[in-house]
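A quick write-up on the structure given underneath.
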Amino acid sequence: MAANTEPIREAEKEPLNFIEEIIEEDLRSGRHTTIRTRFPPEPNGYLHIGHAKSICLNFGLARKYGGKCNLRYDDTNPTSEEQEYVDSILADIRWLGFEPDEILYASDYFDQLYEWAKVLIKKGLAYVDFSTPEEIAAQKGSPTVPGTPNKYRDTSPEENLALFERMKNGEFPDGHCVLRAKIDLASPNMHLRDPYMYRIKHAYHHRTGNKWCIYPMYDWAHGQCDSIERITHSICTLEFASHRPLYDWFIEQLGIFPSKQYEFARLNLTYTVMSKRKLLQLVQEGYVKGWDDPRMPTLSGLRRRGYTPESIREFAHRVGVAKRENIIDVSLLEFCIREDLNKRALRRFAVLRPLKLILTNYPEDRVEWLETENNPEDPSAGYRTVPFSRELYIEQEDFMENPPPKYFRLYPGGMVRLKSAYIVVCTGVERDAQGKITAVLCRYIPESRSGSDTSGLKVKGTIHWLSASHARIAEVRLYDRLFQVEDPASEEDFKKAINPNSLEIIPQALVEPALLNTKPGEHFQFMRLGYFCTDPDSTPEKPVFNRTVTLKDTWAKEAKKQHN
RNA sequence: UGGCCCAUGGUGUAACGGUAGCACAGCAGAUUUUGGUUCUGUUUGUCAGGGUUCGAAUCCUUGUGGGCCAACCA
């Protein structure tokens, strides 16, 4: 019976976002039998997490509905676009986990666009205007006062055709004239007040070289490019909503495939700037070390920081798609990377700020290799051994001479478990002439060894450690948010909101031997400290690790509460 | 003061005229050889007024608040 074929978990289906609803309706009604989307970056900067939202949306939709998604570089402005960006964009898309069905360029369609411009001219719907930009702006009026036509608006199609050809042939200098669509100078939508179609730029284009000296404007190019590729759902951000009537107008006048534009709200993140202009400023003015600085929200920065493609896709999914302006709490991004790395990252011992710990009752020359799990969340990750000896290093913050309430690490008279090793009791400290503590003295409980503990002792705390003679030096880079305010973009000067302590370099952190020969991009959890990944600067002689994100730290919260 | 878009806990996002749900964040507890993980519980919300309706977050209307639009940028 039909009833038996009903999906059992129908009720648990994920809700659709508004674009998916439109698509499903289009598919249901037969308006489309398959969908096609595109991701259209301008190659004038590096991709950032905001683009990732768009990439995941466009490619994800194609994947979900069995359609196709192209990468189309929007390269209509040769003066701001570069090959470096073209390359990084593709690399980032692939790293994120998507492969374009086709890799295309708006410049692939320059010839077609030129022919179509002539079609509009012949229909009396476009004209060459020799006014200055200032004159044109003035003639456009304002949102409340209609524009006024100038004499060029009445030039005949024949004359316009000839003029336009001369434009194309390079007979005029840059900015001498412009091709405009003839639409409606009184429209309440400013984009319809005879928008520019072509401008003159005697500039070398990264793909077409010196073939053209006229280049199409965004509005004149985008919709037709979509149409040529038979894009069914052209998804863009909110600020383009008022361009949509123009998008539709060009397509209708040309009588070509009716791609439709839909707008969604771009991603904003707390404590982050997302505009390419601002990011470029951070790079050019040296506030960060480059586009891939781990503090940058660029995909290359996040990658170097240790974010995984999976975590970013999950994040893009969780933030949702809607038309409401939003600002997402970075803690959601951090949640996503912790969630991913918790399952996959191998655990390792590292001590960032070492404090010597001496086991006064442990033999001087003895070394034990103790077994410890690589990842308690993943039994298949197996075990490794770590060396244990009389002199160890622990984290400075794991010892306090006068501990506050609820501190259950080490303190004089206190007892703690050394992870995967023994329980130790603190018997005192060693000091230098200035009275500064140089070492913590402990007795270890021989029968408390992990795996064969017969001591019957219970301890509240477990801390990580390193055998002093086996520990190796590594550089560790601790990153913090780049901005001190939630919404730096709304500041008068966003650069004044930069966090002066966004990077702390620890040149001589200590790590266990297993951390010596790792590959750039490998992820680890430094036990009790956070997730780290090997930086490209790393060498076997001097390993370098970036902190991706700390572990959740409820003790830090508690300590802060006590402090206040 | 022209046009367009938007308004649900702290932040996002569902509910398609019929019990306002989920996630993150927060808080409390349990478990834990990572103060991690996991698990449990929990605080907090429909911008305002009017209307339609047996019933409105949802429809209509008027406000209010926010965003976008007058680059030879995209």
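A close approach under 4.0 Å does not occur between any side-chain nitrogen or oxygen of A/Ser242 and OP1 or OP2 of B/G3. Checking the phosphate oxygens (OP1, OP2) of B/G36, a side-chain nitrogen or oxygen of A/Thr554 falls inside 4.0 Å. In this structure, A/Lys561 reaches the B/A28 phosphate: one of its side-chain N or O atoms is under 4.0 Å from OP1 or OP2. Regarding contacts with the backbone of B/C72, a side-chain N or O of A/Tyr196 is found under 4.0 angstrom from either OP1 or OP2.
To the nearest angstrom, C1' of B/C68 lies 9 Å from NE2 of A/His243. Taking atom CD1 on A/Ile89 and atom P on B/A74, their separation rounds to 15 Å, with Å as the unit. The nearest whole Å value for the distance from the NZ atom in A/Lys201 to the P atom in B/C72 is 10 Å. The interatomic distance linking A/Leu192 (CG) with B/C4 (P) rounds to 13 Å, in whole Å. The nearest whole Å value for the distance from the CG atom in A/Leu551 to the P atom in B/U38 is 11 Å. Protein atom CZ of A/Phe349 is 15 Å distant from nucleotide atom P of B/U33, rounded to whole Å.
Remark: of the listed residues A/Ile463, A/Leu355, A/Leu529, A/Leu529 is the sole one forming a side-chain contact (heavy atoms from CB on, under 4.5 Å) with A/Glu395.
With RNA chain B read from its 5' end, the first of the two nearest nucleotides for A/Arg449 and A/Leu333 is the one closest to A/Leu333.
Within 4.0 Å (heavy atoms only), A/Ala322 reaches sugar-phosphate atoms of the nucleic acid but no base atom.
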> Pairing of RNA chain B as dot-bracket, 5' to 3': ( ) intra-strand, [ ] crossing, | other strand, . unpaired, with Watson-Crick or G-U pairs under 3.5 Å?
Replying inline: .((((((..((((....[..)))).(((((.......)))))....(((((..]....))))))))))).....
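Under the stacking criterion of a centre-to-centre distance below 5.5 angstrom and an interplanar angle below 30°, A/Trp555 sits stacked against the six-membered ring of B/G35.
Under a cutoff of 6.0 Å and an axis angle of 45°, A/Lys278 and A/Phe494 form a cation-pi pair.
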